[in-house]
There are 2 protein chains.
Amino acid sequence: MVQGTPANLKTSTPIVAFLSAIVCKRLQKIFMNQPPNRPRKKTQAVTIVDVARESGVSYSTVSRVLSGFEHVSDDAREKVLAAADRLGYVVNVQARSLAGGRSKVVGVLVPALDNGYILEVARGIDEELNKEGYSLMLYTTHQHAGKETQFVNTVANGLCDGLLLVVPIVPDHYLAALQDRMFPYILVDQYDATHKSNTVYATNWQGAYDATTHLISLGHRRIGIITGRMDLASGVERLEGYKAAIADHNIPLDDDLIYSGDFFQPTGYTGGHHLLGLPTPPTAIFASNDLMAFGVLQAAGERGVRVPDDVSVIGFDDIPHSVMVHPRLTTIHQPLDQMGRVSVRMLLDLIEQPDKPPRNLTLATRLILRESTSAPRMMSPEGVKQTHNS
Amino acid sequence: MVQGTPANLKTSTPIVAFLSAIVCKRLQKIFMNQPPNRPRKKTQAVTIVDVARESGVSYSTVSRVLSGFEHVSDDAREKVLAAADRLGYVVNVQARSLAGGRSKVVGVLVPALDNGYILEVARGIDEELNKEGYSLMLYTTHQHAGKETQFVNTVANGLCDGLLLVVPIVPDHYLAALQDRMFPYILVDQYDATHKSNTVYATNWQGAYDATTHLISLGHRRIGIITGRMDLASGVERLEGYKAAIADHNIPLDDDLIYSGDFFQPTGYTGGHHLLGLPTPPTAIFASNDLMAFGVLQAAGERGVRVPDDVSVIGFDDIPHSVMVHPRLTTIHQPLDQMGRVSVRMLLDLIEQPDKPPRNLTLATRLILRESTSAPRMMSPEGVKQTHNS
DNA sequence: ACTTCACTTGCAAGCGTTTGCAGATAACCT
DNA sequence: AGGTTATCTGCAAACGCTTGCAAGTGAAGT
């Protein structure tokens, strides 16, 4: 055995002398089996060659045992697994992936690490990924501002087997590039109008409809809304759900009660102040997500408006904080971690069978009753009707 | 040009006919330059060979230009860069790392994705990493329960250039394995008594001392503490800081006021109930982190004990939520994201110079005054001394 | 007993890099 | 001018793996 090299030219030795008379120096060197001094890697990891030697089979058999168990005798498999275990062998992902195998890494693209929403989804993703023995590569988009193409190339070239896009807006050419390369990806919490992508989505319209209906059924008639971003499907749909519920209960739509927000706390805060400062303020406010609902709570607190006594507040998402505010927030639960889990499952499916037709999965939201909503004052048992507006 | 292979045996063609008469079939095949049908990869990415062809230099020159600019003429460099740009070349990380280069990936090991603390640190890490063009591989430890060695091997073998350990407890053999392999790593928010590791830490003792002193200076004398995990240095040090402050102000230490928690909300909650239910309850409570402080707030709310009127509460960490609870939490700010940033910087340093002696960096905490602390009732202007305990 | 066939195994090539070595060229001394 | 040195460039090997191909093996079919 020579130096653990694949011993490719072993058979040639007998003819070296003969050849050397004829062929050029370079060719000869190919035949001479003396490696130059090349002790580069310090961490001499155990490779399949070691496992092969240890178990007495060839390295290809080892490879076959270790990745996909195809056409290997039980005997060989057993020996290999034992040897691998004994040696503490760990596959070198990079080599495997270079050679055309799976890297068992999936990329997760998120806008930023700045709120609990991402964390929840990521948690689901992480858990499901771990179950399947995959690793998670986290990319934040701000990293790639302006060079998205580079990014797509990096990912598709790179070590990820698939990509989870948890970003609100994905530029079209992103998707185009991914589709082009047949690279498996899933849009998480996004709707793809073109139906070319696999998506996991939630019932945003229905959730908003339920939230609004809840408020109406409590007796509210003047219901404000703080919208999300209107360039996001979820933002639009939540507004539409609100409008539909209002209309279905024959309440006239009042544009003054619609404040346009952006899914972040500050606009919830200003929106809260705006709505509560109206000549005839709403008795209930539907914030298109919890973060903005927190802003409303804050604004209400500052104005001495009590929740839910003076104004009911309902959110959307049910992020962990919503039980930590006072009063605890009534909200629409969005199964964020489940969303993460489901997307992982879809992605792994897709990695196995890349040409499956795209599916669009929609998960159900549900109303979570807590203490931030109640019947409006004028309808409460005490009937203190005039206190506020007279 | 034949098929883009490295054209290694081009020169041999003239002698093939001659050789074929003598050498065995296998050898002959080596010389024939007809590749078998091997169109495996579908994503025909652009490689350095393409760039080389495009720019008219050899692929090694391209490689040299692209990684570390050593010994390349300006002319060549320019041509290569232009060609790479034109072709949209993106380095294949796996190949580079296989061949011995840097992968520009660092691994981040966290216990789980279940609280804002991690998120904050991760945010700092992410931002700093992006600045340097590194990618982030996220590992959660629950994945590796019981097979830590495997994990260490995977990472060290694998594609990470370095490792950030944001886990509360790192098994010794973990560290030993990493040290063994000379693998660059940093302990984040941990103290290494052996001084063999690079660490980034915060002034836990001082922070606790400050928190307690703050309460004392407000007039509190009966101050409860809910401790963190006692198997964590930070937990121990915060308790010590508390004790030191008490002693320095000649307040006797009362073991009844020490409730042992675990840094998670539930023990804060039960601890809050416990302390507030004592015959002589404390007038102030120092929770060893914000999460537990939230638990205390909740317990207080349920008991009708008002914060800060009846009891002051102070936390530790200053996670984003601490401004979102009511009342907003007075706490000790721990520069979590800065901690992330600093660790990244240390790690990248270490990657460059692996044999630098270990450094231990400690970042300063500071008191953040909000509304959850005030002077105790018996000292407040109204002097309603007896209301509570009579 | 002799094919035929299915199954198992091994060899070698190649995935896209980096890098030691050695030509080639240019620049510098003497 | 001749020799030496420094600088640049190119070749080929290697990193650890997967996989097509072909050779080997034993069981089944005739």
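Note: hydrogens, waters and symmetry copies are ignored here, and every other heavy atom, side chains too, is used. Chain A is the first sequence line, chain B the second, and so forth, proteins listed ahead of strands; every chain is numbered from 1.
Side chain to side chain, A:S135 and B:Y139 fail the donor-acceptor criterion of an N or O pair below 3.5 Å. Donor-acceptor pairing under 3.5 Å is lacking for the side chains of B:T47 and B:N92.
Each of C:dT17, D:dG16, C:dC21 was ranked by its minimum atom distance to the side chain of B:T47; first place goes to C:dT17. Which of D:dG10, C:dT18, C:dG10 sits closest to the side chain of A:S60 comes down to C:dG10. You'll find that the side chain of A:A99 is closest to C:dG14, out of C:dC11, D:dA12, C:dG14.
The nearest whole Å value for the distance from the CZ atom in B:R64 to the C1' atom in C:dT17 is 13 Å. Rounded to whole Å, the distance from CZ on A:R53 to C1' on C:dG10 is 16 Å. Between the CG atom of A:L98 and the P atom of D:dG16 there is a distance of 12 Å, given to the nearest Å. Here the C1' atom of nucleotide C:dT17 and the CG atom of B:N92 are 8 Å apart, to the nearest Å. The nearest whole Å value for the distance from the CD1 atom in A:I48 to the P atom in C:dA12 is 15 Å. Distance, B:L66 CG to C:dT17 P: 8 Å, rounded to whole Å.
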Q: Give the C-alpha distance, both sets of side-chain angles, the deciding distance and a yes or no for salt bridge (charged side-chain N to carboxylate O under 4.0 Å, His left out) between A:K356 and A:D349.
A: CA-CA 9 Å; A:K356 248 180 145 179; A:D349 264 19; 3.3 Å; yes
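In terms of position along DNA chain D, the nucleotide closest to B:T61 lies nearer the 5' end than the nucleotide closest to the other residue of the pair A:V62 and B:T61.
Residue B:R96 places none of its side-chain N or O atoms closer than 4.0 Å to OP1 or OP2 of C:dG16. At least one side-chain nitrogen or oxygen of A:H71 sits closer than 4.0 Å to the OP1 or OP2 atom of C:dT8. Using a 4.0 Å cut-off, some side-chain N or O of A:S58 falls inside it from OP1 or OP2 of C:dG10. Listed pair A:Y59 / D:dT19 fails the phosphate criterion, with no side-chain N or O lying under 4.0 Å from OP1 or OP2. Within the structure, a side-chain polar atom (N or O) of B:S63 is placed less than 4.0 Å from OP1 or OP2 of C:dT18.
Rounding to the nearest 0.5 Å gives a distance of 5.5 Å between CG of A:L109 and CG of A:L165.
Counting non-hydrogen atoms under 4.0 angstrom, A:V91 reaches the backbone sugars and phosphates but no base.
Taking the salt bridge (Lys or Arg N to Asp or Glu O under 4.0 Å) definition, one finds that B:K131 meets it with B:E128, sequence neighbours left out. Remark: B:D50 engages B:R53 in a salt bridge (Lys or Arg N to Asp or Glu O under 4.0 Å) (not counting sequence neighbours). Considering only residues two or more places apart in sequence or on other chains, A:D180 meets the salt bridge (Lys or Arg N to Asp or Glu O under 4.0 Å) condition with none of them.
Sorted by first and then second residue, the salt bridge (charged side-chain N to carboxylate O under 4.0 Å, His left out) pairs with a member in residues 54-65 of chain A read A:E54-A:R86; sequence neighbours excluded.
Only A:V72, A:S73, A:A76, listed by number, bring a heavy atom of residues 72-80 of chain A to less than 4.0 angstrom from any atom of DNA chain C.
A donor-acceptor contact shorter than 3.5 Å is absent between the side chain of B:N198 and the backbone of B:P358.
Rotation axes derived from the C1' atoms of the five outermost pairs at either end of the helix from C:dA1-D:dT30 to C:dT30-D:dA1 lie 40° apart, to the nearest 10°.
No more than 12 heavy-atom neighbours from other residues, nucleotides or ligands sit within 6.0 angstrom of CD on B:E78.
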